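Computed from a predicted structure; not experimentally measured. For ligands, and for the atoms within them, numbers begin at 1 and follow the listed sequence.
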Amino acid sequence: MAATGGGGSGAGSCFVLGASGATGQALLRELRARGLFARVTLIGRRRLSLAEESGTAVEQVVVDFERLSEHAAAFRGHDVGFCCLGTTRSKAGADGFVRVDRDYVAQAAELARAGGCKHFVTLSSQGANEHSRFLYLRVKGEVEKLVQAVGFDRCTILRPAVLLCARQEFRPLEWLTQHVLGAVAWFFPTAYSVPVQTVARAMVASVLQPGGGKVEVLENKAIHQLGKAEPQLGT
Ligand code: NDP
């Protein structure tokens with residue numbers, strides 16, 4: 001992988017799916033701050049207004065996720081692909097949730113692989129299990145399997161617990177859970193929750209550290225550990 005260790009101007013290229021979301025925004029900040037890649041391409045359904053910054057060139061490609069195969073060019077020529085895509089059942093309905101969290105992610109992974117991407121880094125969830133009775137966990141388990149089957153040189157799957165973040169959109173259940181778990185995190189910091197900034201750092205750090213195999217699955221505790229450390233290339 002052609003990225004540099006940090007703080008510098010990288011040479012490689014990556015794409016980010018879901019850069020407008022809570023984790024995606026934190027990831028983009030991290031990528032820009034660390035200058036790991038010379039070029040970052042945001043692939044999304046709408047254009048974002050971004051603050052001007054020197055260093056990393058950020059390009060945006062607006063795509064129709066229902067016709068993703070027509071946007072194969074957006075996925076071409078990237079060393080690494082980061083995926084923070086996702087919706088909720090309450091926002092999109094059960095079918096919509098499956099479409100976004102499983103089908104869009106799996107299709108994007110296929111296009112990325114066809115376009116030469118070597119390392120795919122994607123968000124799943126704590127408890128993901130393709131045999132679960134719960135739709136959310138089942139879909140996350142299914143998408144994990146589909147993405148693994150794509151055949152990247154490396155595939156990193158992160159399974160965060162409840163994400164701690166300041167969200168503009170109000171999600172009452174998430175708000176309540178975050179507040180309870182924010183307090184619990186004082187006593188069990190790595191068990192039930194994880195700040196999005198930590199997840200973002202872990203996603204980036206996974207690229208820099210030597211691969212632990214073709215597929216790596218990082219549970220919440222491992223995300224905390226990796227997101228705390230800032231490994232340099234080759235260490
Ligand atoms: P957000 O909901 O904040 O962001 C989701 C991203 O997906 C946004 O960029 C959004 O774009 C995009 N998106 C949603 N629907 C569509 C669609 N129909 N078409 C195209 N793009 C779409 O995500 P989070 O950062 O909260 O979560 C990231 C991932 O982590 C998700 O997969 C989630 O399931 C998983 N996760 C979340 C947990 C939590 O506690 N919230 C816990 C564990 C895992 P736009 O801005 O245009 O809507």
Side-chain angles (χ1 to χ4, degrees), residues 15-30 41-50 60-68 71 74 82-109 120-129 132 134-144 146-147 156-182 184-185 190-200 202-203 217-224 227:
F15 70 81
V16 179
L17 290 158
S20 58
T23 318
Q25 287 176 35
L27 174 65
L28 180 58
R29 267 196 302 276
E30 185 69 15
T41 301
L42 312 183
I43 302 175
R45 63 174 164 178
R46 62 195 171 91
R47 202 172 169 78
L48 310 179
S49 19
L50 300 173
Q60 300 197 49
V61 184
V62 175
V63 300
D64 176 355
F65 281 84
E66 284 298 320
R67 307 161 88 90
L68 211 50
H71 302 281
F82 295 99
C83 180
C84 302
L85 212 59
T87 187
T88 60
R89 194 175 172 159
S90 60
K91 253 168 114 169
D95 291 348
F97 166 70
V98 176
R99 194 86 191 112
V100 175
D101 284 57
R102 187 190 65 196
D103 300 347
Y104 290 178
V105 175
Q107 284 166 15
F120 193 69
V121 184
T122 190
L123 290 180
S124 175
S125 168
Q126 187 176 59
N129 177 354
S132 176
F134 300 105
L135 178 75
Y136 182 80
L137 298 178
R138 188 170 70 247
V139 165
K140 292 298 186 188
E142 287 171 357
V143 71
E144 283 191 4
L146 290 168
V147 164
T156 304
I157 295 170
L158 290 90
R159 288 182 175 167
V162 173
L163 297 175
L164 300 178
C165 59
R167 207 183 280 281
Q168 278 179 342
E169 168 200 354
F170 185 57
R171 298 180 183 174
L173 188 60
E174 185 183 76
W175 182 87
L176 187 66
T177 314
Q178 282 191 5
H179 277 71
V180 172
L181 292 181
V184 172
T190 64
Y192 305 111
S193 62
V194 59
V196 285
Q197 294 79 3
T198 304
V199 177
M203 293 180 89
V217 178
L218 303 177
E219 298 290 349
N220 199 53
K221 192 169 176 190
I223 296 171
H224 273 273

Return yes if some donor-acceptor pair links the side-chain N/O of Ser125 with the main-chain N/O of Ala128 below 3.5 Å, else return no.
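Checked: no pair found.
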Quick one: are the ring centres of Tyr136 and Phe97 less than 6.0 Å apart?
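Yes, the ring centres sit under 6.0 Å apart.
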Identified side-chain hydrogen bond (donor to acceptor under 3.5 Å, both in side chains) partner of Arg102 from the options Gln107, Glu144, Glu142
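That would be Glu142.
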Please work out whether any backbone atom (N, CA, C, O) or any side-chain heavy atom from C-beta onward of [X] is under 4.0 Å from ligand 1, and answer side chain, backbone, both or neither.
{"X": "Thr23", "value": "both"}
{"X": "Thr88", "value": "neither"}
{"X": "Lys91", "value": "neither"}
{"X": "Ala92", "value": "neither"}
{"X": "Arg46", "value": "side chain"}
{"X": "Ser20", "value": "both"}
{"X": "Ser124", "value": "backbone"}

Looking at Arg138, I want to see if its CZ is surrounded by more than 12 non-hydrogen atoms of other residues, nucleotides or ligands under 6.0 Å.
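Atom CZ in Arg138 is crowded, with more than 12 foreign heavy atoms closer than 6.0 Å.
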Answer yes or no: does atom CG of Asp64 have more than 12 heavy-atom neighbours from other residues, nucleotides or ligands under 6.0 Å?
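Yes, CG of Asp64 has more than 12 neighbouring heavy atoms, counting only those of other groups under 6.0 Å.
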I want to confirm something. Looking only at heavy atoms, which of [options] is nearest to [atom]?
{"atom": "atom 39 (C) of ligand 1", "options": "Leu163, Leu17, Val194", "value": "Leu163"}
{"atom": "atom 6 (C) of ligand 1", "options": "Cys84, Pro160, Gly24", "value": "Cys84"}
{"atom": "atom 42 (C) of ligand 1", "options": "Ala161, Ser125, Gly18", "value": "Ala161"}
{"atom": "atom 5 (C) of ligand 1", "options": "Gly86, Ser193, Ala26, Cys83", "value": "Gly86"}

Which atoms from ligand 1 have a heavy atom of [X] less than 4.0 Å away?
{"X": "Asp101", "result": "32 (O), 34 (O)"}
{"X": "Tyr136", "result": "33 (C), 34 (O), 35 (C), 36 (N), 37 (C), 43 (C), 44 (C)"}
{"X": "Leu85", "result": "7 (O), 12 (C), 21 (N), 31 (C), 32 (O)"}
{"X": "Gly21", "result": "1 (P), 3 (O), 4 (O), 8 (C), 9 (O)"}
{"X": "Lys140", "result": "31 (C), 32 (O), 33 (C), 34 (O)"}

Can you find a pair of side-chain heavy atoms, one from Leu28 and one from Leu50, that are under 4.5 Å apart?
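A side-chain contact under 4.5 Å exists here.
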Is there a side-chain contact between Leu135 and Val98 in this structure, where contact means two heavy atoms from C-beta onward sitting under 4.5 Å apart?
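Leu135 reaches Val98 side chain to side chain.
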Could you pull out the closest heavy-atom pair between Ala74 and Ile43, with the gap in Å?
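Between these two residues, the closest heavy atoms are O-CD1, 3.6 Å.
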Minimum heavy-atom distance Ala161-Asn220, with the two atoms named
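Minimum heavy-atom contact is N-OD1, 2.9 Å.
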Taking atom types as modelled, is there a side-chain donor on Gln126 or Tyr192 under 3.5 Å from an acceptor on the other?
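No pair is found: no donor N or O on one side chain lies under 3.5 Å from an acceptor on the other.
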Heavy atom of Arg159, distance to ligand 1 below 4.0 Å
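No heavy atom of Arg159 comes that close to ligand 1.
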Does Val162, backbone or side chain, put an N or O under 3.5 Å from an N or O of ligand 1?
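No; every N/O pair is 3.5 Å or more apart.
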Any salt bridge linking Lys140 with Asp101? Criterion: basic side-chain nitrogen under 4.0 Å from a carboxylate oxygen.
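The answer is yes: the pair qualifies as a salt bridge.
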